[in-house]
Amino acid sequence: MKRLGILISGRGSNFEAIADSVAAGRIDAAIAVVISNRPEARGLAVARERGLNAVCIPSKGLDREVYDRLLAEELKRNSVDLVCLAGFMRLLSAGFIREFPLRILNIHPSLLPAFPGLDAQHQALEHGVKVGGCTVHFVDECLDSGPILVQTAVPVLNDDTVEALSARILKEEHRIYTEAINLVLAGNFRIEGRRVVFT
Ligand code: GRF
């Protein structure tokens, strides 16, 4: 059975959605380890409550290369096949990415390449777009970059607040992350330039 490593920094609702999918048999894989770079992350407590292997590797004060080496070691120790970033608020170094080629996914709450970086939903509202959404993509060395696996759109309503739009998007995030993990685990795709072509 394939083994997932989930990296979080905070609330962990995407992690929980993945864990629910694993528990319900919608994802044919096991969660080998949940790693947080922040000891106070809510998701870390949730992972422990669920009886999962939950590890904190605090990133504070560590150089990126040093931190990423610790991270890679922990993932390898747990024989992780696929790394899922779920609200993990750090850029990963080239060295780390090379260790897991096409085996690192991220979820972002916008229709990339629109609105990368922090507060994507706020950026979308400020820009006045009529459609928002979320994206699961392979991770490369740049922020919210990398070939796109799954995207889905949601409407932006006249009276939307950041909270309302974020909640509408989050519901879709929870759905498409499972879908994207299954696509990658099935392995029926090839990469052509930036495009993920399903075969
Ligand atoms: C999500 O909106 C995700 O797209 C972004 O950070 C947020 C994390 O939320 N990368 P959670 O920790 O999964 O609840």
Side-chain angles (χ1 to χ4, degrees), residues 4-24 26-27 29 31 33-50 52 54-59 71 82-92 96-97 100 104-127 129 131-156 160-181 183-184:
L4 308 179
I6 303 183
L7 307 190
I8 61 171
S9 297
R11 181 177 57 183
S13 74
N14 276 289
F15 144 63
E16 283 191 86
I18 295 168
D20 287 345
S21 288
V22 167
R26 290 190 299 270
I27 293 177
I31 296 179
V33 64
V34 179
I35 305 175
S36 173
N37 68 312
R38 293 190 184 143
E40 70 278 11
R42 173 189 170 273
L44 197 57
V46 172
R48 291 200 176 112
E49 278 161 26
R50 283 179 172 251
L52 294 168
V55 177
C56 184
I57 309 178
S59 54
L71 206 54
L82 184 63
V83 181
C84 303
L85 311 190
F88 186 65
M89 305 300 282
R90 291 178 58 83
L91 263 181
L92 293 164
F96 181 92
I97 290 161
F100 300 93
I104 312 172
L105 308 185
N106 182 44
I107 187 151
H108 184 74
S110 76
L111 293 172
L112 290 171
F115 315 125
L118 290 177
D119 300 324
Q121 304 93 331
H122 177 74
Q123 292 184 53
L125 274 184
E126 286 286 294
H127 198 89
V129 295
V131 175
C134 46
T135 304
V136 180
H137 62 93
F138 285 112
V139 171
D140 65 15
E141 287 150 45
C142 302
L143 180 66
D144 299 324
S145 176
I148 290 170
L149 275 155
V150 184
Q151 290 187 302
T152 201
V154 304
V156 178
D160 258 347
T161 57
V162 173
E163 290 72 31
L165 177 60
S166 299
R168 195 174 307 125
I169 293 172
L170 191 64
K171 202 164 164 244
E172 296 303 312
E173 292 186 41
H174 294 167
R175 187 177 60 76
I176 70 168
Y177 216 155
T178 289
E179 189 184 328
I181 289 169
L183 287 169
V184 174

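Just so you know, ligand 1 is whichever comes first in the structure, and atom 1 is the first atom listed for that ligand.
Any N or O atom pair closer than 3.5 Å counts here, and R11 shares at least one such pair with ligand 1. For ligand 1, the polar-atom distance check finds no N/O of G10 at less than 3.5 Å from any of the ligand's N/O atoms. Note: no N/O pair closer than 3.5 Å links N106 and ligand 1 by distance alone.
The single protein non-hydrogen atom nearest to atom 2 (O) of ligand 1 is E173 OE2, 3.0 Å, given as residue, atom name and distance. What sits closest to atom 13 (O) of ligand 1 on the protein, heavy atoms only, is N14 N, 2.8 Å. Looking from atom 8 (C) of ligand 1 to the surrounding protein, the closest heavy atom is G87 CA, 3.6 Å.
Put simply, part of I107 is less than 4.0 Å from ligand 1, judged by heavy atoms. Residue G43 places every heavy atom at 4.0 Å or more from ligand 1.
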Would you give me the side-chain donor-acceptor pairs under 3.5 Å for residues 107-117, sequence neighbours excluded?
unit_1, atom_1, unit_2, atom_2, d
H108, ND1, D144, OD2, 3.3
H108, NE2, S110, OG, 3.4
H108, NE2, F115, O, 2.7
S110, OG, A114, O, 2.6
S110, OG, F115, O, 3.3

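Atoms of ligand 1 found under 4.0 Å from any heavy atom of H108, numbered from 1 in the order shown, are 4 (O).
A donor-acceptor distance shorter than 3.5 angstrom exists from the side chain of Q123 to the backbone of L118, with no hydrogens or angles considered.
Note that CD1 of I27 is 11.0 Å distant from CD of E179, once rounded to the nearest 0.5 Å. Taking CZ from F15 and CG from D20, the interatomic distance works out to 8.5 Å, rounded to the nearest 0.5 Å.
The two residues I8 and G43 make their nearest non-hydrogen contact at CD1-C, 3.4 Å.
Side chains of V154 and L165 form a contact here, defined as non-hydrogen atoms less than 4.5 Å apart.
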